[in-house]
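Reckoned from all heavy atoms, side chains included, excluding hydrogens, waters and symmetry mates. A note on names: the letters A, B, ... follow the listed sequences, proteins ahead of strands, and every chain is numbered from 1.
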Amino acid sequence: MQPTSSEYEATRAEKLSRIEALGLDPWGGRFDGHMPIQTILGLPTDVPDDQRPRVKAAGRIVSRRQGGKVHFLDLWDWSGQPTKRATKTEDGSHETQEFLDWSSRIQVMVGQKQVGETGWALAQELDLGDLLGIEGTFGKTKRGEPTIFAEKLTFLSKSLQPHPDKWAGMQDMEFRLRHRYLDLVYNPDILDKALKRIRILRQIRSYLEKQGYVEVETPTLHAIAGGAAARPFETHHNALDIPLFLRIALELHLKRLLVGGIEKVYEIGRVFRNEGISPKHNPEFTMMELYQAYGNYETMMELTEGLIVACVDCLGGSRVIPWADKTIDFSPPWQRRQYGELFQEHVGCDMLDPAAVKVAAQKYHIPLTADAGKGQPRVEKEHDVLVHELFEHRVEDKLVGPVFVYDYPAALCPLTKRKRGNPAIAERFELYVHGMELANAYTELNDPVTQEQTFRKQLTGLSEEDSMAKMDDDFVRALRHGMPPAGGLGVGIDRLVMLLTNSQTIRDVILFPLLRPEK
RNA sequence: GAAGGCGUAGCUCAGCUGGUAGAGCAACGGACUUUUAAUCCGUAGGUCCUGGGUUCGAGCCCCAGCGCCUUCACCA
């Protein structure tokens, strides 16, 4: 897909040489002192024409209306500002909300007499998509449109490729993904979400810093890809001649840092999972993992709630935010529900009763056996595997949330401490919002002997890649030197940004999601 | 990995029962000094995703392939 219309390219190339012939640089240069378009739009316009403020702007030409001796251009830049807008609430009344409204357009009037001979000659060569600097005065036209009345044009860069339709824009998803730089200009939503994402990350860092957490960086290349149940990407180090894996989680290194005395530690980083691609999954995504010495999963619940509410607030809107055709109410406190209690409610039996769970699995058509691989006979699934499949099938999509679901079946959580007095239950919670898992937290296992056993235990009914049973001797050795009891938290940043920006696909919040290469 | 949908001009999309390839915007030439998707006159623009097949004749029907989207599976 390399659309090179020779006609379009030829005419634009001709214009480029005509711009050069005017003595101008078609690729521009330093252009100082221009104001954000948003700022210009905020200037007063109710002044006499001879007292209009002088302004200077730079941006992309996204629309054009030409007359004989006067042209109108729309100039685009990214200069959004928080703006207040009235929104209708459900009962019909109005309330004022602050929005981040990135990207601005302003009209520019280019008159033959005002811009001089060269300026007017340049104006004849302008195309949609070109970058242009404008100096002039700011006021309103007779029709009342805020407008820069140009006095000097500075050519800043030529677009040799035609840009999308100024009216219909870009619709084709593949075209948008493969031309994200255009998508950012012509679908303002994407720029808005990208900048909100950065704002959320900044908020997480400042919130955690205030709480005394330290941000660290740990290796991306792992000899053993542990800490989660996922298939890794494989690679190879030439000098050492060893296989390596891209990390699938941050966990095991951060816990080593707990042993090393960094009591409140977190990392925000890219992890890589060699799994399928879907509206909720990209092979590389951003994870925040955090550990706090001498805490437990309840500590993490309190932290999670405060942290995410701070993220909601940093976008400047209400705590009740839209999600598809629904809303999410992030006002604390959030619901806390026990896993077993929800299981009882929606599946209709005790999750600790193996016979009852089997009956329920049959009732909801969940197979009792699993494929053990090519040529192998099918094997009976572990009790806790069945329980969780039932939970996913019957409970997950009923969790509107935000709701903390806590106390998980122990076998599913090999890096988690068991509940005191109840070895079948692990001290873990997941935060659900509209059936989506937003955060995952544990009271971390710091007993090296139990850790080694759970590493070695392969859950029947799960394939090896799907299991967390990957022995990591170096990690166990670290635990043997004494890791403080701790609470740990993981947050999928992409999912969080999706929820806070009303994005139903992860590709709206990742600027360059993985695509199959063209041809 | 499975099923379904889509792929036509630079962009957004029509295209009837199989019978000469269409529109809007964009582009090119011309008119116009206050336009708002400017207007008016004129011109040009196509590997109908690719490759086979059926047919007198295929954008349309059949087969295979490629890419994207949706749902499902794995996963966060």
Is any side-chain N or O of A/Arg516 closer than 4.0 Å to OP1 or OP2 of B/G67? yes

Between B/C74 atom C1' and A/Ile248 atom CD1, what is the distance in whole Å? 13 Å

Atom CD of A/Gln504 and atom C1' of B/U71 are separated, to the nearest Å, by 16 Å

Nearest-angstrom distance from the residue atom CG of A/Leu73 to P of B/U34: 16 Å

Nearest-Å distance once atom C1' is located in both B/G4 and B/C13: 22 Å

Tell me whether the rings of A/Tyr432 and A/Phe391 are parallel (<30°), tilted (30 to 60°) or perpendicular (>60°). tilted

Should A/Lys417 and A/Glu427 count as an ion pair when the cut-off is N to O under 4.0 Å? no

Report the base-pairing partner of B/U36 (Watson-Crick or G-U wobble, both distances below 3.5 angstrom), or none. none

Whole-Å gap separating P (B/C72) and CD (A/Glu392): 13 Å

Indicate whether the side chain of A/Glu215 and that of A/Tyr213 have a donor and an acceptor atom separated by less than 3.5 Å. no

The Watson-Crick or G-U wobble partner of B/G46, with both key distances under 3.5 Å, is none

Relative to the ring of A/Tyr339, is the ring of A/Tyr408 parallel (under 30°), tilted (30 to 60°) or perpendicular (over 60°)? tilted

Would you tabulate the nitrogen or oxygen pairs shorter than 3.5 Å linking the protein to nucleotides 27-32 of chain B?
unit_1	atom_1	unit_2	atom_2	d
B/A27	OP1	A/Arg64	NH2	2.5
B/C28	OP1	A/Lys15	NZ	2.6
B/C32	N3	A/Gly68	N	3.4

Round to the nearest Å and state the distance from A/Arg231 atom CZ to B/A76 atom P. 12 Å

Measure the distance from CG on A/Asn187 to C1' on B/C11 and round it to the nearest whole Å. 12 Å

Between A/Phe429 and the options A/Trp334, A/Tyr442, A/Phe404, the ring-ring contact (aromatic ring centres under 6.0 Å, His included) test singles out A/Phe404

N/O (side chain, A/Arg65) to phosphate O (OP1/OP2, B/A37) under 4.0 Å: no

Check whether any side-chain N or O of A/Lys166 sits under 4.0 Å from OP1 or OP2 of B/A26, and answer yes or no. yes

Over all strands shown, is A/Lys142 touching base, sugar-phosphate only, or nothing at heavy-atom distances under 4.0 angstrom? base

Nucleotide nearest A/Arg273 when distance is taken to its side chain, options B/U34, B/C11, B/A76: B/A76

Using both distances under 3.5 Å as the test, list the Watson-Crick or G-U wobble partner of B/U70, or none. B/A3

Whom does B/G19 pair with, Watson-Crick or G-U wobble, provided both distances fall under 3.5 Å? B/C56

Would you say A/Arg495's side chain and A/Leu438's backbone share a donor-acceptor pair under 3.5 angstrom? no

Rounded to whole Å, the NE2-C1' distance (A/His388 to B/C74) equals 13 Å

At under 4.0 Å between heavy atoms, what does A/Asn282 touch on the DNA or RNA strands: base, sugar-phosphate, or nothing? base

How far, in whole Å, is B/U36 from B/U50 if one measures between their P atoms? 41 Å

With the criterion set at under 5.5 Å between ring centres and under 30 degrees between planes, would B/A76 be stacked on A/Phe285? yes

Given the C1' atoms of B/U8 and B/C49, what is the spacing between them in whole Å? 10 Å

When rounded to the nearest Å, what value does the distance between C1' atoms of B/U34 and B/G45 take? 33 Å

Under a 3.5 Å limit for both distances, which nucleotide forms a Watson-Crick or G-U wobble pair with B/G51, could you say? B/C63

Hey, does A/Leu438 reach any base, or is it just sugar-phosphate, or nothing, if we go heavy atoms under 4.0 Å? nothing

Check the orientation of A/His163 and A/Tyr186. Use parallel for under 30°, tilted for 30 to 60°, and perpendicular for over 60°. perpendicular

Donor-acceptor check, side chain of A/Gln114 to backbone of A/Val110, threshold 3.5 angstrom: yes or no? no

Check the orientation of A/Trp323 and A/His434. Use parallel for under 30°, tilted for 30 to 60°, and perpendicular for over 60°. parallel

Can you run down the salt bridge (charged side-chain N to carboxylate O under 4.0 Å, His left out) pairs that involve residues 157-166 of chain A, sequence neighbours left out, and say none if there aren't any? A/Asp127-A/Lys158, A/Asp130-A/Lys158

Between A/Gln107 and A/Glu437, which residue's closest nucleotide on RNA chain B lies nearer the 5′ terminus? A/Gln107

Restricting to nitrogen or oxygen on both sides, can you table the protein-nucleotides 12-15 of chain B pairs closer than 3.5 Å?
unit_1	atom_1	unit_2	atom_2	d
B/U12	OP1	A/Gln171	N	3.2
B/U12	OP1	A/Asp172	N	3.1

Span that lies between the C1' atom of B/G57 and that of B/U20, in whole angstrom: 12 Å

Let me know the distance between CG of A/Leu514 and P of B/G67, rounded to the nearest Å. 12 Å

Scan A/Met173 against the nucleic acid and name what it touches under 4.0 Å (heavy atoms): base, sugar-phosphate only, or nothing. sugar-phosphate

When the P atoms of B/G19 and B/G15 are considered, how many whole Å apart are they? 13 Å

As a test of understanding, state which of A/Arg18, A/Arg12, A/Lys15 forms a salt bridge (charged side-chain N to carboxylate O under 4.0 Å, His left out) with A/Glu125. A/Arg18

Keeping A/His179 on the side-chain end and A/Phe175 on the backbone end, is there a donor-acceptor pair under 3.5 Å? yes

Paired nucleotide for B/A76 [Watson-Crick or G-U wobble; both distances under 3.5 Å]: none

